[in-house]
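For the single chain, residues carry numbers from 1 onward in sequence order.
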Amino acid sequence: MRASLRLAMVALAFACGTGAAHAQQHPQAEAQALDLLKRGIAFRTVAGPGNQTPAYAAFLKQTLVAGGFAEGDVEIVPVGDTAYLVARYRGTGKAKGGAKPLLISGHMDVVEAKPADWTRDPFTPVIENGFIYGRGAADMKYDLSTMVATLIDLKRTGFKPARDIVLLLSGDEETAMKTTALMADRFADAELLLNVDGGGGALDAAGKPTYFGIDGAEKTYADFELTVTNTGGHSSAPRRDNAIYTLAHALTRIEAHAFPGQINEITRGSWEAEAAKAEPARAAMIRRFLANPNDAEALTALRAEPSLVGQTGTTCVATMINGGHATNALPQRATANINCRIFPGTPVEEVRQTLATAAAEPTLTIRTLDSGSVASPASPLRPDLIAAVTGAIHARFPGVAVVPGMSTGASDSMWFRAKGVPSYGVSPMFTTPGESFAHGLNEKSPLSEIAPSITYYRSVLTTLAR
C-alpha cells in the first residue's frame with residue numbers, strides 16, 4: 001500500500017472485550033491464519049535480487065490445494081522476477097443477477113527492510129506482548145493470511161457460493177504494479193472486488209469504536225518532471241536567463257496555485273462523519289465546504305490540516321530538484337519533480353496543463369513520468385456491499401458508524417476500477433493509530449485481530465457470494 005491507504009487504523013480488539021468471543025468460533029482457521037502469517041513474514045518478498053515472491057506464491061498454492069482447492073483452480077503466473085496468484089473457489093452458478101465472479105485482492109510483496117535498522121530481524125516473525133512483528137505484519141500479510149485461512153475454512157465447512165469467488169494476489173503492488181494491471185485485464189468482467197489491503201476501523205483513546213471505513217475511491221498518483229534548459233556559460237558573467245532561477249520562479253508560482261475543491265459521493269460521506277464528531281468551529285468549516293467546495297475560507301482552513309488536505313481535491317507538491325553541472329558555471333539544465341495526488345475523475349493530462357499554466361514560464365517543459373498508476377473513478381456505494389460490511393461490523397461493534405472514504409495513496413483497486421469493476425477496501429483490522437509502522441521500522445499488528453477478522457470475512461463472503 002503506497003502512502004496511507006487505510007482510511008483509519010485503530011486500537012486493539014481485546015481492549016473492547018471482543019477477542020475472546022470471536023476466538024471460540026473458528027479455532028482451526030485462527031490457528032492456520034497465525035501459522036500462515038508467521039511463515040509469510042519469513043519470505044523476503046522484496047523487488048530486486050533475491051525476490052522470494054514466487055516462492056511465497058508456491059507456498060500459498062500448496063496451502064490452498066491442501067485445504068480443498070483443486071490443483072487446476074490455483075494458478076501462479078510468473079512476471080519478471082515476481083508472480084501473481086489466482087485461486088478460484090467455484091460456485092454453483094445460481095447467483096442472483098448473473099454469475100459474474102466476486103473478486104478478492106491483496107498483494108504478496110512488501111517494501112524493503114534493512115535488518116541493520118530494525119530492533120528485530122524484519123523477516124523473522126517475532127511475537128511479543130500480543131503483537132506479531134515483521135515486515136508485512138501490517139501491510140499486508142496479516143489480512144492475506146486471515147483471508148486464505150477463511151477461504152479454506154469455508155471449504156472445510158462445506159460452503160457452496162452461488163457465484164465463483166476468485167482470490168487475486170499481486171506480486172508487485174509496492175512497486176510497478178504490472179501484475180495487477182495484468183489481472184485487471186484478465187478479470188475485467190467481475191461483479192465487484194473486495195480489496196483486503198484497505199479500509200479499517202477506528203477506536204478512540206479509551207478503546208471505544210468510533211467508525212469503520214470502506215475505501216470506495218482513491219486518488220491517482222502522478223509525477224511530473226519540470227525542466228529548464230539554457231546555453232549556460234561562465235559564472236563570472238551571470239545573465240538574467242539562469243535555468244535555476246527560472247525553475248525556482250516557476251515552482252513558486254505553482255506553490256501559490258490553489259486547485260479547486262472537489263467532492264464526490266464517497267468523500268461526502270466521510271466529510272459528514274468527520275463533521276459529526278468535530279468540535280463546533282471545525283464542523284462548521286466542513287459543512288461550509290460541503291455546501292460549496294470552493295468556499296475560500298473553508299477550503300483554506302481544511303487544507304491547513306495535513307490529515308484533511310488530501311480529501312479536499314487534487315494536491316501537488318515539489319518533491320525533488322536537480323540543477324547545474326559545475327560550481328563555476330552557469331547552469332545548463334535545472335529539473336524538479338512535482339508529485340500529484342489527483343482527485344478521481346480528473347484526467348492526468350488536465351493536471352499537467354494546469355501546472356504549465358500556473359508556472360507561466362514559456363521556456364519550461366513539463367512531462368508526465370511513468371508512475372505505474374492509472375486514473376480510476378470512484379466506485380458507487382452499492383447497497384449490497386454496504387449492507388454486508390455493516391452487518392459484519394455491527395456483529396462485533398453494534399451501532400458503530402460505517403463510513404465510505406477515499407484513499408489518498410494507491411492500491412491494486414485502481415486498476416480494477418479503471419476497467420469498470422467496482423472495488424472496495426474492506427479490511428476489518430482495528431489497530432492503534434500510528435502504531436502499525438507499515439512501510440517503517442518494527443512493523444507490527446495485534447494477534448487479537450485474527451479471530452474477529454475470520455468471523456468478519458466469513459460473514460461478508462457468504463453474504464455477497466449468494
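Scanning all heavy atoms of the two residues, the minimum distance from M429 to Y142 falls at SD-CD2, 3.8 Å. Scanning all heavy atoms of the two residues, the minimum distance from V86 to F187 falls at CG1-CZ, 3.7 Å.
Checked for salt-bridge contact, R352 and E349 meet the test: a charged N lies under 4.0 Å from a carboxylate O. A salt bridge does not link E272 with R287: none of the charged nitrogens is closer than 4.0 Å to a carboxylate oxygen. Salt bridge annotation for R120-E443: absent, with no cationic side-chain nitrogen under 4.0 angstrom from a carboxylate oxygen. Between E218 and R341, no side-chain nitrogen of the basic residue sits less than 4.0 Å from a carboxylate oxygen of the acidic one, so the salt-bridge criterion is not met. Between K61 and E75, none of the side-chain N atoms (NZ, or NE/NH1/NH2) sits under 4.0 Å from a carboxylate O, so this pair counts as no salt bridge. The pair D295-R288 counts as a salt bridge, with a side-chain nitrogen and a carboxylate oxygen less than 4.0 angstrom apart.
Annotation: L369, atom CG; neighbour count of heavy atoms from other residues, nucleotides and ligands within 6.0 Å is above 12.
Within the 3.5 Å criterion, the main-chain N or O of G313 finds no donor-acceptor partner in the side chain of Q262.
In this structure, the side-chain hydrogen bond (donor to acceptor under 3.5 Å, both in side chains) partners of D223, at least two apart in sequence or on a different chain, are Y221, N337, N339. Residues satisfying the salt bridge (Lys or Arg N to Asp or Glu O under 4.0 Å) test with E225, not counting sequence neighbours, are R367. Among residues two or more places apart in sequence or in another chain, the salt bridge (Lys or Arg N to Asp or Glu O under 4.0 Å) test is passed with R333 by none.
Between atom CD of residue Q311 and atom CG of residue N264 there is a gap of 9.0 Å, rounded to the nearest 0.5 Å.
Between F212 and F430, the ring-plane angle classifies as tilted under the 30° and 60° cut-offs.
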| request: Could you please spell out the steps behind the salt bridge (charged side-chain N to carboxylate O under 4.0 Å, His left out) verdict for E128 and K444? | output: CA-CA 10 Å; E128 292 180 4; K444 65 178 182 179; over 6 Å; no
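Considering D197, T179, V110 as possible partners of E173, the one that fulfils the side chain to side chain contact (heavy atoms under 4.5 Å, CB included) test is D197. None of N442, V126, L441 except one satisfies the side chain to side chain contact (heavy atoms under 4.5 Å, CB included) rule with T119; the exception is N442.
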Sequence neighbours left out, cut at 3.5 Å: what donor-acceptor pairs do the side chains of residues 248-256 make with other protein atoms?
from: T252; atom 1: OG1; to: A248; atom 2: O; distance (Å): 3.0
from: R253; atom 1: NH1; to: A359; atom 2: O; distance (Å): 2.8

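Applying the disulfide bond (SG atoms under 2.5 Å apart) test to residues at least two apart or on different chains, the pairs with a partner in residues 303-384 are C316-C340. The disulfide bond (SG atoms under 2.5 Å apart) pairs that include a residue from residues 210-299 number zero, where partners must be two or more places apart or lie in different chains.
Judged by the 6.0 Å distance and 45° axis criteria, K141 is positioned over the aromatic ring of Y56.
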